[in-house]
Structure formats: structure tokens, C-alpha cells
Amino acid sequence: MNERKVISEHFKPYVHSKNAYKGGRPAPKGLKSYKLSSNENALGTSPKVKQIIHNSDNFNIYPDNTDEKLRIALSIHHDNILHPDQFICGNSGSEVLEMAIRAFINEGDEVILSNPCFLPYHTFSTRAGAKIVDVPLHGDQYQLDVDGIVRAISNRTRIIFLTSPNNPTGTIITSRQIDALLSQTPSDVLIVYDEVYYQYSDSEEYKTALTYVKKGHNILAINSFSKAFGMASLRLGYGYTTPEIANYLRLFQRPFLINKLTVAAGLAALSDKEFINITIKHNLNQREYLESEFERLGINYTPTQGNFHLIHSPIPTNELVDTLYDQGVMVRDVGSFGAPGKVRITIGTDEGNRALVKALEKIL
Ligand SMILES: Cc1ncc(COP(=O)(O)O)c(C=O)c1O
């Protein structure tokens, strides 16, 4: 018998630990702390969600083997513009993203992304064997380079990742830019349009992917219950797309995909419009407060359409992150997202934001 190989020789050569997603640090011990590092909802979770979880029972029984109830509720939530069959749910926006990558990428295919952007586009695509083609956002306002993306499209391009509002910059892609890109993108390329922060945008130039999907473009919108809905720990997300793509993606779902508590929580969250409205209002007020404080302190920031700010760190980023951490304020160094020298700070509670400003004052 031939000599057998060692197991690691069968590991995929393009899957490395350096591609693994690293989350933020745990909260500092023995200190009142404010987590401004993961873009969660500062106001917590809807009381309706908490109530439904409290009242849930019969955990010995498998949940529904379909996400139909959620899809119907999502279709209504998005003004009945799309059919429930055009929605696809998963255990987080990240999972829907990964499902799409698994469904469309074969080894050697190309994906186009625009750094700085959400790291998993890179990690998930690399894991699937894709070649990453980076067409960076340009200028200090981090604008999408539409012409650069069009030039980068090749016969191997399968996915173009767009994010609006973008993490970590907080900037949007205008509807005019999307129109320009769509008119020049071959129809066999999937556009993944990540809009998990859409509720926070108040720009007239902003559009979700709804109208584009309705027109039949091959766009998959990615959405999440982790942000404005305040359900990050429950892991629920969804996409919406053309019926053809949705039905194909459904083949990649596991049986009994979403746990019963999360489905109930998602339905309750969708029914509580008041909580979302309060969340949006809080974010707009605190966004204004923080931007005026950044200006007072001379901190260079990018005006945001999300629930976080990207700031230019006035001292080395690791020093800023560590010094704030020692004062109980947790923020995120986003060098790994393609933004060296920058730090991302989630808009928190009134108290958390004041603590941040106080800590920044001390450092400066
Ligand atoms: C741009 C973007 N997309 C997707 C996600 C994924 O959210 P989740 O997996 O919690 O639904 C995040 C989370 O931070 C994000 O910032």
C-alpha cells in the first residue's frame, strides 16, 4: 500500500487561520463599560420580543421546516412590493451572505469588493476559493468607484459586493451610482447589496434594493435583525432577490434552519414599528451630538448614514483603542477592514456617548 498522507495535506490550501473572522474583545472587568464596538442597538430589544421569548414553550418539538411565516411577514414589512417567495431567511445576515457565496462561487472565480468593507466578504469568498478583486472606495468621502468596478469585471466575475450604508465608513452609494453600475453589469453577475443599516439612512439619495429587485435585476439584498431590530444575539437575517435566485438559494438551507425562539422573536420585532422609530430617532439625535463633539475636539470623522462613526485616530489606533478600553469604552480598530489608522465607534446610549466624549477629551 502506498504511504498515506497526513491529514493536513487535505486541508484546502486557500483556507488559512488568518482569514478567520475575529470579533471584538470581551468587556473590561470591574468597570462600568460601554460597548461601542459592534454596531448593536443602543436601546436594547423590543419589549414585544422579550415577551414572546418569555412565553415560548414546547422546545422538544422541531420548529417549522420552512421559513414561510417569516417570509410572509417580511413581504408585508417591505410594503408588499415583493412576493414572500422572494425572501430567504438564515441565522444572521452573515449566513445568507455565506449561502450566496457557496451557491455561486467555484474555485478560481472572482468577486469584486471595495475596501474598506465588511471583512466577511473577503473571508467567506476566500474560503470558497475565489480570487478577490479589490476596487477601493475613493476619496476622503469613500465614494464607490463605479467605472473601476466596470473595468474590473471579467468572465470569471460572479459576485459584486456593494454595501450601503457601508461598514466601516457609514457612507452610502447613491441611487444614481447604482443605476450607472447596473446599466453596465452583465446579467450573469450577481450583485450582493448589503443594506443591514438601511433603517438609519435619512439621505434622499439613498435607496434600498427593493425597486431594483422588483424590476428583475439579479440583485440579492442582505438584511439583518442584529442592528435596528436589536436582536444580534438571536442570529436572524434575510435576503430578498428574484424568484429564480431565491429558489436556487433555498436549496442551500439546512433542514429546520431557524430555531423556534428566533422565528417568534423575528415576527414580534416586525410587528413593533414603534421600537424601530424610537431607535432611528435616538440614532439621529446622538449622531448630531457626537458629530458636533468630534468637531469641537478636532477629531476628523466621516459623516455617517449608519449607527456608527469612522474616525481618524488622533494617536496610533491600538493606543486609542486600549486607552478607551481602560476607561470602559470599547471601540473597534478597523485596520483589518481595509481602513488603517481609523477607528469605528458605534452610536451608543446617551450615557455611553457622553462617556466616550469624556474619555476622548482626557486622551487629547
Ligand atoms: C455590513 C454588514 N453586513 C452584514 C453584517 C452581518 O450581520 P449579522 O450576521 O449579525 O446579521 C454586518 C454586521 O456587523 C455588517 O456590518
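Atoms within a ligand are numbered from 1 in the order they appear, just like the ligands themselves.
- Not one N or O on the side chain of N167 forms a donor-acceptor pair closer than 3.5 Å with the backbone of P116.
- In summary, D57 and K260 do not engage in a salt bridge, as defined by a charged side-chain N under 4.0 Å from a carboxylate O.
- For atom 1 (C) of ligand 1, the nearest non-hydrogen atom from the set D194, N307, L97 comes from D194.
- The ligand atoms of ligand 1 that sit less than 4.0 angstrom from a heavy atom of G93 are 8 (P), 9 (O), 11 (O).
- Contact annotation: F225 has no heavy atom less than 4.0 Å from any atom of ligand 1.
- Both the sub-6.0 Å distance and the 45° axial angle are not jointly satisfied by R71 relative to the ring of Y238.
- At a 3.5 angstrom cut-off on N or O pairs, Y121 does not count as close to ligand 1.
- Taking the ring axis of Y14 as reference, the NZ or CZ atom of R127 does not stay both within 45° of it and closer than 6.0 Å to the ring centre.
- When each atom of ligand 1 is checked for a heavy atom of N167 under 4.0 Å away, the hits are 1 (C), 15 (C), 16 (O).
- With a heavy-atom cut-off of 4.0 Å, R235 touches ligand 1 through its side chain alone.
- Contact analysis puts V196 in contact with ligand 1, with a non-hydrogen atom separation below 4.0 angstrom.
- For S226, every heavy-atom contact with ligand 1 shorter than 4.0 Å involves the side chain, none the backbone.
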Checklist entry - Could you walk me through whether R354 and E293 pass the salt bridge (charged side-chain N to carboxylate O under 4.0 Å, His left out) check? => result CA-CA 10 Å; R354 281 199 302 275; E293 290 293 341; over 6 Å; no

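- Using a 4.5 Å heavy-atom cutoff, the side chains of H309 and L290 are in contact.
- Ring centroid separation for the pair F229 and H77 comes in under the 6.0 Å cut-off.
- Here is the list of ligand 1 atoms found below 4.0 Å of a heavy atom in T163: 1 (C).
- We find that R296 and E361 are joined by a salt bridge, their nearest charged nitrogen and carboxylate oxygen being less than 4.0 Å apart.
- Near S224, the atoms of ligand 1 lying under 4.0 angstrom from a non-hydrogen atom of the residue are 7 (O), 8 (P), 10 (O), 11 (O).
- Close approach of ligand 1 to S92 is summarised as follows: ligand atoms under 4.0 Å from at least one heavy atom of the residue are 8 (P), 9 (O), 11 (O).
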